[in-house]
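A short write-up of the structure that comes next.
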Number of protein chains: 2
Amino acid sequence: MTKSRTNSLDFLSGLELMIDSYQGKEQIFGVNLNPAIVRLSCEEGCVKVIEMARRLGVTADTVRFYTRIKILKPGKNKANGYREYSEKDYNRLRFVLSARQLGFSVEDIQEILNHADNKKSPCPTVRRLIDQRLHETERQLRETLKLRDRMQQAVLEWSQKPDKAPTGHMLCHLIEEFTAEERL
Amino acid sequence: MTKSRTNSLDFLSGLELMIDSYQGKEQIFGVNLNPAIVRLSCEEGCVKVIEMARRLGVTADTVRFYTRIKILKPGKNKANGYREYSEKDYNRLRFVLSARQLGFSVEDIQEILNHADNKKSPCPTVRRLIDQRLHETERQLRETLKLRDRMQQAVLEWSQKPDKAPTGHMLCHLIEEFTAEERL
DNA sequence: CTTGACCTGTGTCTTGGACACAGGTGTAAG
DNA sequence: CTTACACCTGTGTCCAAGACACAGGTCAAG
């Protein structure tokens, strides 16, 4: 019953301090639970939304978002309606955040999770999707690069040009002359 | 009255073929208009939305969009309610498209146009805004670059790894192991 | 007269959350 | 006990720059 006792909370990777807030609940995700206390407060292991968010370094809104679109399916405390996130939800969310870091869209992730939920290997899908996303990212990169070069070129050229008032058919000579000479 | 006759349509930069559709209207944006015809069909020079769009190589939806947010203020044919885009609208839209090419947001453009509409030089605003946007674009570029590198690295590493079925706490070993080793 | 191409205004969709709001809950202090 | 405050819920809206849909009006050709 001490902090040093190992239990399923190990998945929390070193954030032992928050165990303080669970004193008196025996174990959270382990066995040996006191049924009376558990049923009242936290059915088979729970954390609330803000705690879940903090553990993975995101906002509560992010956790709520993934709950809303049903990527996370927390239980619900009958007494007060609060959501109860389990270790399974923690693993899912950690996975989702990892996948987002790799450029997968939320829709991609839902597809991947569908495979995993049906015990099928999501790996072929993952390989196919990252190929797509990589191509898109490379295209995006080229476009952003071209845009940056245009912008830098504009700043450079404009540094030699004076301000002018607009005329009938020229609203801003900086912008319009720059674009015009681009066409040469 | 022939196609070779020069008039204000010159601003259409070489797209002479569509003058065919204006036969009988005398000149469109010039002088020497036949008042009777003009008042009936097209008050002091007009093109309709699809024609305007085609001339600048965008979709009719884009023209409608800028009309909706009041960057373009076409006249309105009393008889049929059709919008009538003038040379002024053409110049504005051309300006807008140029500015978009330089990374200005629509809101930026509205600010710039406000200056121009009040006969004030928009140039100081333009210089300030492009500095901002350039910084943002550079940040964006760095992020996209990092993302691409992560993705390429993942594809490379995954090429040596087999597919696996999901386990209790590992939904996709490719993604989760990749992210995990990133933290080293 | 019908067909088809065009026009209108309006509303909704896209991404990945962020923010707002009304109302319920839990807890510690006064 | 009351009050304050932090937290929770669901729902709705917002962002950018258009794209798309839809119901209904217009117009010229066959």
Side-chain angles (χ1 to χ4, degrees), chain A residues 18 20-25 40-42 46-54 56-72 74-85 93 96-97 99-110 133 136-137 140 143 147, chain B residues 18 20-25 40-42 46-54 56-85 93 96-97 99-111 133 136-137 140 143 147:
Chain A
M18 88 285 169
D20 290 339
S21 53
Y22 295 98
Q23 284 176 351
K25 286 177 190 163
L40 274 175
S41 58
C42 236
C46 83
V47 291
K48 281 175 282 186
V49 63
I50 213 169
E51 188 55 30
M52 184 73 166
R54 202 185 52 70
L56 285 163
V58 295
T59 69
D61 272 319
T62 300
V63 178
R64 288 201 189 96
F65 172 68
Y66 287 117
T67 306
R68 181 156 23 178
I69 64 174
K70 300 192 170 47
I71 277 186
L72 301 181
K76 205 161 177 176
N77 185 316
K78 300 320 198 247
N80 58 16
Y82 288 11
R83 286 145 171 175
E84 299 172 343
Y85 294 91
L93 182 52
V96 168
L97 298 175
R100 297 276 309 124
Q101 283 283 311
L102 276 169
F104 291 99
S105 72
V106 171
E107 204 175 344
D108 292 343
I109 291 170
Q110 282 172 318
R133 297 302 173 210
E136 289 170 17
T137 302
Q140 167 80 30
E143 276 176 28
L147 175 59
Chain B
M18 87 286 169
D20 289 339
S21 54
Y22 295 97
Q23 285 176 350
K25 286 176 192 166
L40 273 177
S41 57
C42 238
C46 84
V47 292
K48 282 174 283 186
V49 62
I50 212 170
E51 188 55 32
M52 185 74 165
R54 203 184 53 70
L56 284 163
V58 295
T59 69
D61 272 319
T62 299
V63 178
R64 289 202 189 94
F65 171 69
Y66 288 116
T67 307
R68 177 147 40 168
I69 65 175
K70 300 191 169 46
I71 277 186
L72 301 181
K73 293 159 189 161
K76 205 161 176 176
N77 185 314
K78 301 315 201 250
N80 57 18
Y82 288 10
R83 286 145 170 173
E84 298 171 343
Y85 293 90
L93 182 53
V96 168
L97 298 175
R100 298 277 305 122
Q101 282 283 311
L102 276 170
F104 292 100
S105 73
V106 170
E107 205 175 344
D108 292 344
I109 292 169
Q110 281 173 319
E111 189 179 343
R133 297 303 173 211
E136 289 171 16
T137 302
Q140 168 81 30
E143 276 176 29
L147 175 59

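Below, chains carry the letters A, B, ... as their sequence lines are ordered, and counting in each starts from 1.
Atom P of nucleotide dA5(C) and atom CZ of R54(B) are separated by 17 Å, given to the nearest angstrom. When rounded to the nearest whole Å, the span between NZ of K70(A) and P of dG16(C) equals 18 Å. Following rounding to the nearest Å, I50(A) (CD1) and dT27(C) (P) show an atom-to-atom distance of 15 Å. In this structure, I69(A) atom CD1 and dT15(C) atom P are separated by 10 Å, rounded to whole Å. Put simply, CG on L93(A) is 10 Å from P on dG17(C), counting in whole angstrom units. For the pair E51(B) CD and dT8(C) P, the computed distance is 13 Å after rounding to whole Å. Straight-line distance from the CG atom of L72(A) to the P atom of dT9(D): 12 Å, rounded to whole Å. Rounded to whole angstrom, the span from the CZ atom of R83(B) across to the C1' atom of dT8(C) amounts to 7 Å.
At least one side-chain heavy atom of I71(B) sits less than 4.5 Å from a side-chain heavy atom of V106(B).
Listed pair R64(A) / dT9(D) meets the phosphate criterion, a side-chain N or O lying under 4.0 Å from OP1 or OP2. A close approach under 4.0 Å does occur between a side-chain nitrogen or oxygen of K76(A) and OP1 or OP2 of dG10(D).
Taking CZ of R133(B) as the start and CG of L147(A) as the end, the distance is 11.0 Å to the nearest 0.5 Å. From K76(B), atom NZ reaches atom CD of E84(B) across 10.5 Å, with rounding to the nearest 0.5 Å. Between the CD atom in Q140(A) and the CD atom in E143(B) there is a gap of 11.0 Å [rounded to 0.5 Å].
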Exercise. Summarise how protein sits on nucleotides 12-18 of chain D as a single string, 5' to 3': B when a protein heavy atom is under 4.0 Å from the base, S for sugar-phosphate-only contact, - for no contact.
Key: B----BB
Contacts under 3.5 angstrom, residues 58-68 of chain B side chains, donor-acceptor by atom type, not counting sequence neighbours:
from, atom 1, to, atom 2, distance (Å)
T59(B), OG1, D61(B), N, 3.3
T59(B), OG1, T62(B), N, 3.1
T59(B), OG1, T62(B), OG1, 3.1
T67(B), OG1, V63(B), O, 2.7
T67(B), OG1, Y85(B), OH, 2.7

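Closest of all the heavy-atom pairs between R100(B) and S105(B) is NH1-CA, 4.0 Å. Here the closest non-hydrogen pair linking Q110(B) and I69(B) is NE2-O, 3.4 Å.
Between R54(A) and E51(A) a salt bridge is recorded (basic side-chain N to carboxylate O distance below 4.0 Å).
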Show me the protein contacts with nucleotides 23-26 of chain D, counting only N or O atoms at under 3.5 Å.
from, atom 1, to, atom 2, distance (Å)
dG25(D), N2, Y82(B), OH, 3.0
dT26(D), O4', Y82(B), OH, 3.1

